[in-house]
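Input: a single structure, listed below in structure tokens.
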Amino acid sequence: MNKRFLSLMIFSFAITGVSAQKIEWKYSTPNNYWETEKNIKWSDTPENSSEIIPISENKAQYIDGLGGTFNELGWDALCTLPEEKKNEILFNLFSPKESNYTYCRMPIGASDFAMNFYSLNDVVDDFDMINFSIDRDRHILMRYIKEAQKIHPGLKIWASPWCPPAWMKTNNHYASNYDNGTVNRNGLPREKVLELPTTGFKMQPGYLDAYALYFTKFIQAYEKEGIKIEAVNIQNEPCSNHKFPSCNWRSEDLAYFIGKFLGPKFEKENIQTEIFFGTINRDNPQYTKTALDDPAASKYIKGVGFQWDGKGAIPTIHKEYPHLKMMHTEAECGNGSNDWGAAEHTWWQISHYMRNGARVFTYWNMILDQNGISPWGWKQNSLITINTENGDVTYHPEFYLMKHLCHYIVPGAYRLQTPDNQENILAFENPDGKITIMIVNRENQEKNISLSLKGKYLNLKVKSKSFNTINL
């Protein structure tokens, strides 16, 4: 058969296949969430008034998963509800039929949304980790995670410490920035971001060995409980002085710990959990590059995790270190507004990080009570609010934004290339070959868009102020 004729036949079949596919279009606006739009079909030509946006078949990064963060205060609020209502919320977050979260974060010890300060070994100078224990987690964080895994057995977990055990720190305190040994938990100013971070960890070999053992025992203990830790980011926000559990690290010192202590310990104990250099909260890429260029550390570092205030560094690191996995580790916390504007801002973060190579996107607090306040006094956003006084449950716009992202996209998908100037469109191809396109219209008027794919066009009238997911 003539090769040119065969190519034309294959192309014709591809176009026919695209045209015959069932198209699903879900949209949300400030007054209507997760609605179905039926006015969509393939066309041979774009509409004259439409902006034409090509969706390439070229694959960008692999997607490891999408999700949120397990925190103690979220589980505490959830446990105030009757069992049926609690299970409904968990189903809406984790079921593949609903939001379909596939890869979530947990803290190692206390986060700033823990009930109070703690680590997994608070016995001073217990270098052999004789008193290491996850007993507290068994009653709180682990219950939260296991309930989620009942709904989504394939749910994966990554972890990070907010601080080491306090006795491993130079100030012998969980917080890095406090006055007279006490923490003022109300009316606090923005935490201090250090231009040239110091290191708050005691850098003597005995403490470094003990901390490597601490990570190892955490991973092993959780695995015995049926929870595999896929990856660890070594320190939450190492460039900030916080009034909650935290620890500053110079990049050189983190690299030294990874290269000489943690990496070799994982190797010796056959720990398969991946080591990420993160979670980085500094825009200057040099902080990250210093560690990645360290010969001993680079052998063990499999990826880099960036917080919301590391947004300026990820483009450079992804470009210059294409062999490393990029991870978004925490969406911006907000100030408790839980409104449409906050969801639009989170969309900008999703778009920015994923267009710059992130294989994971992690929302912060999935659930909080009606106050949404951390123990140190910061009122923050959450996907869902539970009123612990009357049992009312509110799903905020960010919940639906995340559902638009996560519902159709599964681990093993690839992001597809879209034009660099189109920050309000993301496209993905799932392992089954289906294409998912997410479109956000932040304008106050309807937009006409023609998506160009495989020689055909989808002519769309996208509602003002809307989140849209189209599954082909």
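A heavy-atom distance below 4.5 Å is not found between the side chains of F113 and P107. Looking only at side-chain heavy atoms (C-beta outward), F218 and L120 come within less than 4.5 Å of each other. Side chains of I234 and F277 form no contact here, defined as non-hydrogen atoms less than 4.5 Å apart. E24 has its side chain within reach of Y408: a pair of non-hydrogen atoms, C-beta onward, lies under 4.5 Å apart. Counting heavy atoms from C-beta outward, P164 and K169 have side chains that approach closer than 4.5 Å. The closest side-chain heavy-atom distance from N236 to T329 is not below 4.5 Å. Contact annotation: the side chain of L208 approaches that of F201 to within less than 4.5 Å [non-hydrogen atoms, C-beta and beyond]. Using a 4.5 Å cut-off on side-chain heavy atoms (C-beta onward), S374 and F244 make no contact.
With sequence neighbours left out, L213 forms a side-chain contact (heavy atoms from CB on, under 4.5 Å) with M129, K217, K265.
A salt bridge links E225 and R138; the closest N-O separation between the charged side-chain nitrogens and carboxylate oxygens is under 4.0 Å. With salt bridges taken as basic N to acidic carboxylate O contacts below 4.0 Å, one links E344 and K465. Taking a cutoff of 4.0 Å between a charged side-chain nitrogen and a carboxylate oxygen, E429 and K434 do not qualify as a salt bridge. Using a 4.0 Å cut-off between charged side-chain N and carboxylate O, R282 and E237 make no salt bridge.
The number of heavy-atom neighbours closer than 6.0 Å to NZ of K146, taken from other residues, nucleotides and ligands shown, is above 12. The environment of NZ in K379 is crowded: more than 12 heavy-atom neighbours from other residues, nucleotides or ligands sit within 6.0 Å.
Scanning all heavy atoms of the two residues, the minimum distance from P295 to S298 falls at O-OG, 3.2 Å.
Close placement of the H407 and W34 rings is indicated, their centers lying within 6.0 Å of each other. Taking the centre of each ring, Y400 and W340 stay at or above the 6.0 Å mark.
Using modelled atom types, one side-chain atom of S99 and one backbone atom of N92 make a donor-acceptor pair closer than 3.5 Å.
With respect to F70, the ring-ring contact (aromatic ring centres under 6.0 Å, His included) criterion is satisfied by exactly one of Y101, Y144, Y103, W364: Y144. For the pairing with F127, the ring-ring contact (aromatic ring centres under 6.0 Å, His included) check across Y211, F132, W167 returns one residue only, W167. With I435 as reference, L416 is the one residue of N471, L451, L416 to meet the side chain to side chain contact (heavy atoms under 4.5 Å, CB included) rule. If you run side chain to side chain contact (heavy atoms under 4.5 Å, CB included) between M326 and each of N356, I317, D64, only I317 comes through. Applying salt bridge (charged side-chain N to carboxylate O under 4.0 Å, His left out) to E274 and the options R359, K228, K325, K156 leaves one that passes, K325.
Neither side chain, T385 nor Q370, offers a donor N or O lying under 3.5 Å from an acceptor on the other.
Rounded to the nearest 0.5 angstrom, E230 CD and W158 CH2 are separated by 12.5 Å. Taken from CD in Q235 to CH2 in W249, the straight-line distance is 7.5 Å, to the nearest 0.5 Å. With rounding to the nearest 0.5 Å, the separation of CD1 in I314 from CG in D283 is 11.5 Å.
R136 forms a cation-pi arrangement with Y118, by the criterion of a distance under 6.0 Å to the ring centre and an angle within 45° of the ring axis.
A perpendicular orientation is assigned to the rings of F399 and Y395, their planes being inclined by more than 60° (bins at 30° and 60°).
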